[in-house]
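Structure first, then comments.
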Amino acid sequence: MLEVRDLSTAYGPVLALDRVSFDVADGTVTAVLGANGAGKTTLLRTISGLVRPKEGSATYDGHDLTRMAVEDIVRLGVGHVPEGRGVIQELTVEENLRLGSLWRRDRPDRHRALGEIYELFPPLGARRAQSAFTLSGGERQMLALGRALMARPRALLLDEPSLGLAPLVTAQIMSRLRELTQRSGMTILLVEQNARSALSIADQAVVLSLGRVVLLDQASAVAGNAELRHHYLGF
């Protein structure tokens, strides 16, 4: 379980997270929702070790991630896919994917993981020898996800995976995320501006406003609360 307790993060005098607390059970999807500037990206960056908090903790499998180096957090099994579909455009699809498993010493498992990624995202298998710059936006997002999955993470932090994608591609990405939890028991913390899509696959939702948790409930309850959705989520 991922346990976030009284997590506060500041950029200079600006408090981006203000005593945020929630739990994420193993094998579930938790959607982190809210308007721009709510603190969603800062939350993921703090959990993954890219930003140090002012106070509080984020504990996974008994380890306080806020006291660990980024590379040790990855080795613990926590992957992070930041916003922006960051892939190395000059490399091929397969070269990008292999980068995600360089630190793993089990070569046969790396080969199996590659086959699993191509099964999960068939367009990548068809384009494995192509340079990443030839891919569409949706295919680049699949590649960014696939590269993170090559490390065999037990928990995955995703920041805006549907940003800039067509509705059909967004639906495909969300379907694959749900499939990951069902197939492997992976835990997913999903930051998403498209609240409707995120709630459709999530087990629970955390709604942030100005760095604070304003609602923590089952995703179905949040989706069914029209007043809250209009006020905080815009639909």
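Keep in mind the model is a prediction, meaning the values are calculated, not measured. Note: hydrogens, waters and symmetry copies are ignored here, and every other heavy atom, side chains too, is used.
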Under 3.5 Å, is there a donor-acceptor pair between the side chain of Thr30 and the main chain of Leu189?
-> no
With no hydrogens and no angle check, is any side-chain donor or acceptor of Arg140 less than 3.5 Å from a backbone partner on Val87?
-> no
So do Leu91 and Leu99 actually touch side chain to side chain, heavy atoms under 4.5 Å?
-> yes
Heavy-atom nearest pair, Arg52 first then Arg67, reads NH1-N, 3.9 Å
Donor-acceptor pair, side chain of Lys40 and main chain of Ala35, under 3.5 angstrom = yes
About how many Å separate CG of Leu216 and OG of Ser21, when rounded to the nearest 0.5 Å?
-> 9.5 Å
With no hydrogens and no angle check, is any side-chain donor or acceptor of Arg127 less than 3.5 Å from a backbone partner on Pro123?
-> yes
Are Leu149 and Met186 close enough that some pair of their side-chain heavy atoms sits under 4.5 Å apart?
-> yes
Please test Leu190 against Ile201 for side chain to side chain contact (heavy atoms under 4.5 Å, CB included), starting from the C-alpha separation and ending with a verdict.
-> CA-CA 10 Å; Leu190 171 64; Ile201 67 163; 4.0 Å; yes
So how far is it from Glu139 CD to Leu165 CG, rounded to the nearest 0.5 Å?
-> 11.0 Å
Could you give me the CA-CA distance, side-chain angles and deciding distance for Met142 and Arg176, then say whether side chain to side chain contact (heavy atoms under 4.5 Å, CB included) is met?
-> CA-CA 9 Å; Met142 293 176 191; Arg176 294 298 183 271; over 6 Å; no
How about Leu210: does its CG atom have over 12 heavy atoms from other parts shown lying under 6.0 Å from it?
-> no
Reported CD-to-CG distance for the pair Glu90 and Asn96, which is rounded to 0.5 angstrom = 9.5 Å
Could you verify whether a donor N or O on one side chain and an acceptor N or O on the other, from Gln204 and Thr28, lie under 3.5 Å apart?
-> no
Are side-chain heavy atoms of Ser162 and Ile173 found at a separation under 4.5 Å?
-> no
Checking Ser175 side chain against Ala171 main chain: does a donor-acceptor pair fall under 3.5 Å?
-> no
Same apolar cluster: Leu15 and Ile47, side chain cutoff 4.5 Å = no
Kindly say whether Glu160 contributes a backbone atom to a donor-acceptor pair with the side chain of Gln193 at under 3.5 angstrom?
-> no
Examine the side chains of Ser197 and Thr170 and answer whether a donor and an acceptor come within less than 3.5 Å of each other.
-> no
Salt-bridge test for Arg152 and Glu116: reply yes if a basic N is under 4.0 Å from a carboxylate O, no otherwise.
-> yes
Does any non-hydrogen side-chain atom of Leu76 lie less than 4.5 Å from one of Leu65?
-> yes
Please check if the side chain of Thr92 supplies one atom and the backbone of Glu95 the other of a donor-acceptor pair under 3.5 Å.
-> yes
Is Leu158 linked to Phe121 within one hydrophobic cluster, defined over Ile, Leu, Val, Met, Phe, Trp and Tyr using a side-chain heavy-atom separation of less than 4.5 Å?
-> yes
Lys/Arg N to Asp/Glu carboxylate O, Glu71 vs Arg75, below 4.0 Å = no
Minimal non-hydrogen separation, Ala148 against Val81, with atom names = CB-CG2, 3.5 Å
Using atom types as modelled and distance alone, determine if a side-chain donor or acceptor of Arg154 lies under 3.5 Å from a backbone N or O of Gly77.
-> no
Shortest non-hydrogen contact from Gly138 to Val169?
-> CA-CG1, 3.6 Å
Check: Val191 main-chain N/O paired with Asp159 side-chain donor or acceptor under 3.5 Å = no
Leu124, Leu120: one ILVMFWY side-chain cluster at the under-4.5 Å cut-off?
-> yes
Which heavy atom in Ala38 sits nearest to a heavy atom in Leu208, and how many Å separate them?
-> CB-O, 3.5 Å
Side chain proximity check, Val29 to Leu180, heavy atoms < 4.5 angstrom = no
May I have the step-by-step check of side chain to side chain contact (heavy atoms under 4.5 Å, CB included) for Phe22 and Leu43, ending in yes or no?
-> CA-CA 12 Å; Phe22 62 92; Leu43 174 64; 3.9 Å; yes
Would you check if Thr46 and Val20 make a side-chain contact, meaning some heavy-atom pair closer than 4.5 Å?
-> no
Does any N or O in the side chain of Asp64 come within less than 3.5 Å of the main-chain N or O of Thr59, such that one atom is a donor and the other an acceptor?
-> no
Might you point out which heavy atoms bring Pro161 and Glu192 nearest each other, and give the distance in Å?
-> CD-OE1, 3.2 Å
Is the number of heavy atoms from other residues, nucleotides or ligands under 6.0 Å of Gln130 CD greater than 12?
-> yes
Over all heavy atoms of both residues, which pair between Arg45 and Ser48 is shortest? Give the atoms and the distance, please.
-> O-OG, 3.4 Å
What is the distance from atom CZ of Arg212 to atom OG of Ser8, rounded to the nearest 0.5 Å?
-> 9.5 Å
Residues Thr181, Arg178; criterion side chain to side chain donor-acceptor pair (under 3.5 Å); working and verdict = CA-CA 5 Å; Thr181 63; Arg178 184 74 256 185; 3.0 Å; yes
Interatomic distance, Arg147 atom CZ to Leu145 atom CG [nearest 0.5 angstrom] = 10.5 Å
May I ask you to check whether Thr187 and Tyr60 show a side-chain donor-acceptor distance below 3.5 Å?
-> no
Pairing of Arg19 and Glu55 as salt bridge, 4.0 angstrom limit | yes
Do Val24 and Leu17 belong together in a cluster built from hydrophobic side chains that touch within less than 4.5 Å?
-> yes
Are Leu157 and Val51 connected in a single hydrophobic cluster, I mean Ile/Leu/Val/Met/Phe/Trp/Tyr linked by side-chain heavy atoms less than 4.5 Å apart?
-> no
How many angstroms lie between atom OG1 of Thr42 and atom CG of Leu7, to the nearest 0.5 angstrom?
-> 10.0 Å
Start with the C-alpha distance between His80 and Leu50, add both sets of side-chain angles, then the distance that settles side chain to side chain contact (heavy atoms under 4.5 Å, CB included), and finish with yes or no.
-> CA-CA 10 Å; His80 182 192; Leu50 294 174; 3.7 Å; yes
